[in-house]
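First comes the structure, then the notes that go with it.
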Protein chains: 2
Amino acid sequence: MSTNHPLAEDLGFLLSRASGVVARSASASLAPLGLRVRSYSVLAFAGEDSAGVTQRRLAALMGLDPSQVVALVDDLESSGLVTRAPDPTDRRNKLIIATEKGHRIREEAQQRVDRAQSGHFDGVPQQHLEQLRSMLRRIAIPEEVPAGSGTESASGAQ
Amino acid sequence: MSTNHPLAEDLGFLLSRASGVVARSASASLAPLGLRVRSYSVLAFAGEDSAGVTQRRLAALMGLDPSQVVALVDDLESSGLVTRAPDPTDRRNKLIIATEKGHRIREEAQQRVDRAQSGHFDGVPQQHLEQLRSMLRRIAIPEEVPAGSGTESASGAQ
DNA sequence: TATTGTTATACTCTATAACTATA
DNA sequence: TATAGTTATAGAGTATAACAATA
């Protein structure tokens, strides 16, 4: 399409830069809780569903390889924020469930992240933010990640 | 502000996911040229200014530490895409200048990246893309990086 | 004394492949 | 045989600190 635009105007470039800026401030805001953006994401997803989430689903939600989820859960588990509960239905699955402490920390973590992010977004009108969100959602999740998790052989996850 | 929203709707999270998706496809499209997103960015900035760019300025433009720029320039230089020219005005500076071959490769690289990215953005109305761009620019470059490069002791660069 | 580029180092993130236990 | 979780490993990205040459 538009040929020969400067890189500083390129959407992919700006996306990457902006993402880095926001992630760094989120990371800094979480440090006092002993969390990083990654582990916070796992904790947040686990805390959203009282039935727990499988590691496979976490990987799909976060766009990671399942092998990367292991260490994240290990850390949270050893900090007592989540537990790995066996799934009675299918014993291959491990359901990641937030502990009571996990819920408390998650609450505070979310507030911290929100506070850190508001600095980046608060000048922008609400309507634009909603457009931004829907645009990013479309790009980030090409095929709307069905709740059934991973029948698609890790298609868009990589 | 809005308390207790699901993480999948969080702007920072979506930003990070979308950025990853776009970066991966850009990376894949550049692989046949022996470039990555990072080295392509250096090549693009160098090619935009026939007078060349200092490594310090590249670091500021890309949000990197100056030490990270060294290896990127090393690679491009050994591939014959850029040269390190001494700055007569200030011999501490090294001006990174695209070679003729560098300009050719840069041209093709840009086309490849544009093609890869159009898949992600082409459904979105032009007006929304422009809003997105200006929003990302604001977040990515907090204080509009003055052309004078780095008097601000690597403030926003980190 | 301050700044540009540089080297070195350590840590995080990303990407793959292979293994185990269950199904 | 296929899938969930796991281990291991190599490579890329990120973050700091210190140093030489130049200003």
Side-chain angles (χ1 to χ4, degrees), chain A residues 16-17 19-21 23-28 30-31 35-42 52-60 62-75 77 82 84-96 148-155 157-158, chain B residues 16-17 19-21 23-28 30-31 34-42 52-60 62-75 77 82-96 148-155 157-158:
Chain A
S16 166
R17 291 282 277 114
S19 166
V21 168
R24 262 184 288 267
S25 76
S27 182
L30 289 171
L35 294 172
R36 325 176 162 286
V37 263
R38 279 299 177 66
S39 47
Y40 165 64
S41 296
V42 169
V53 210
T54 68
Q55 296 188 187
R56 215 77 188 186
R57 174 132 181 84
L58 282 172
M62 298 173 61
L64 301 177
D65 189 89
S67 66
Q68 299 177 242
V69 177
V70 178
L72 294 171
V73 173
D74 282 350
D75 284 352
E77 194 178 29
V82 303
R84 272 187 246 242
D87 180 354
T89 311
D90 184 339
R91 284 166 54 209
R92 288 174 303 182
N93 290 343
K94 295 183 183 172
L95 295 170
I96 311 307
S149 72
T151 316
E152 330 81 15
S153 69
S155 59
Q158 247 5 287
Chain B
S16 167
R17 290 281 278 114
S19 166
V21 168
R24 263 184 287 267
S25 75
S27 182
L30 289 171
L35 293 173
R36 325 177 161 284
V37 262
R38 279 300 177 65
S39 48
Y40 165 64
S41 296
V42 169
V53 211
T54 68
Q55 296 189 186
R56 215 79 189 184
R57 174 132 181 83
L58 282 172
M62 298 174 61
L64 301 178
D65 189 90
S67 66
Q68 299 178 244
V69 177
V70 178
L72 294 171
V73 173
D74 282 350
D75 284 352
E77 193 177 31
V82 304
T83 58
R84 272 186 245 241
D87 180 354
T89 311
D90 183 339
R91 284 166 54 206
R92 287 175 304 181
N93 290 342
K94 294 183 182 172
L95 295 170
I96 311 307
S149 74
T151 316
E152 329 81 16
S153 68
S155 59
Q158 248 4 289

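FYI, side chains are in, hydrogens and waters are out, and symmetry mates aren't considered; it's all heavy atoms of this structure. The sequence lines fix the lettering, A, B, ..., with proteins before strands; numbering per chain opens at 1.
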Atom pair distance, as rounded to whole Å: CG in A:N93 and P in D:dA2: 19 Å
Euclidean distance, atom CG of residue B:L58 to atom C1' of C:dT6 [Å, nearest integer]: 15 Å
Shortest side-chain distance from B:T54, nucleotide among D:dA15, C:dA15, C:dG5: C:dG5
Close side-chain approach of B:K94 and B:T54, heavy atoms under 4.5 Å: no
Closest to side chain of B:K94, choosing from D:dA4, C:dA17, C:dG5: C:dG5
Point-to-point distance, once rounded to the nearest 0.5 Å, from CG of B:L58 to CD of B:Q68: 12.5 Å
OP1 or OP2 of D:dT6 under 4.0 Å from side-chain N/O of A:R84: yes
From B:N93 atom CG to B:R56 atom CZ, the distance as rounded to the nearest 0.5 Å: 10.0 Å
Short side-chain N/O contact from B:Q55 to OP1 or OP2 of C:dT6, under 4.0 Å: yes
Atom-pair distance (CZ on A:R57; C1' on D:dA4), nearest Å: 15 Å
Side-chain N or O of B:R24 closer than 4.0 Å to phosphate OP1/OP2 of C:dA15: yes
Phosphate OP1/OP2 of C:dT22: any A:R91 side-chain N/O under 4.0 Å: yes
Side-chain N or O of A:R56 closer than 4.0 Å to phosphate OP1/OP2 of D:dG5: no
d(CG, A:D65; P, C:dA18) in whole Å: 14 Å
Heavy-atom check, side chain of A:L64 versus side chain of A:L72, under 4.5 Å: yes
Atom-pair distance (CG on A:L64; C1' on C:dC13), nearest Å: 10 Å
Rounded distance in Å - CD (A:Q68) to P (D:dA8): 16 Å
Min side-chain heavy-atom separation A:M62-A:V69 under 4.5 Å: no
Of B:V53 and A:P88, the one whose closest DNA chain C nucleotide lies more 5': B:V53
Whole angstrom value for the distance that separates C1' of C:dG5 from CD1 of B:I96: 10 Å
Per B:R92 side chain, nearest of listed nucleotides C:dT3, D:dT6, D:dA4: C:dT3
Length of the line joining B:L72:CG and C:dG5:C1', which is rounded to integer Å: 14 Å
Along DNA chain C (nearest heavy atom to each residue), the more 5'-positioned of A:T89 and A:S67: A:S67
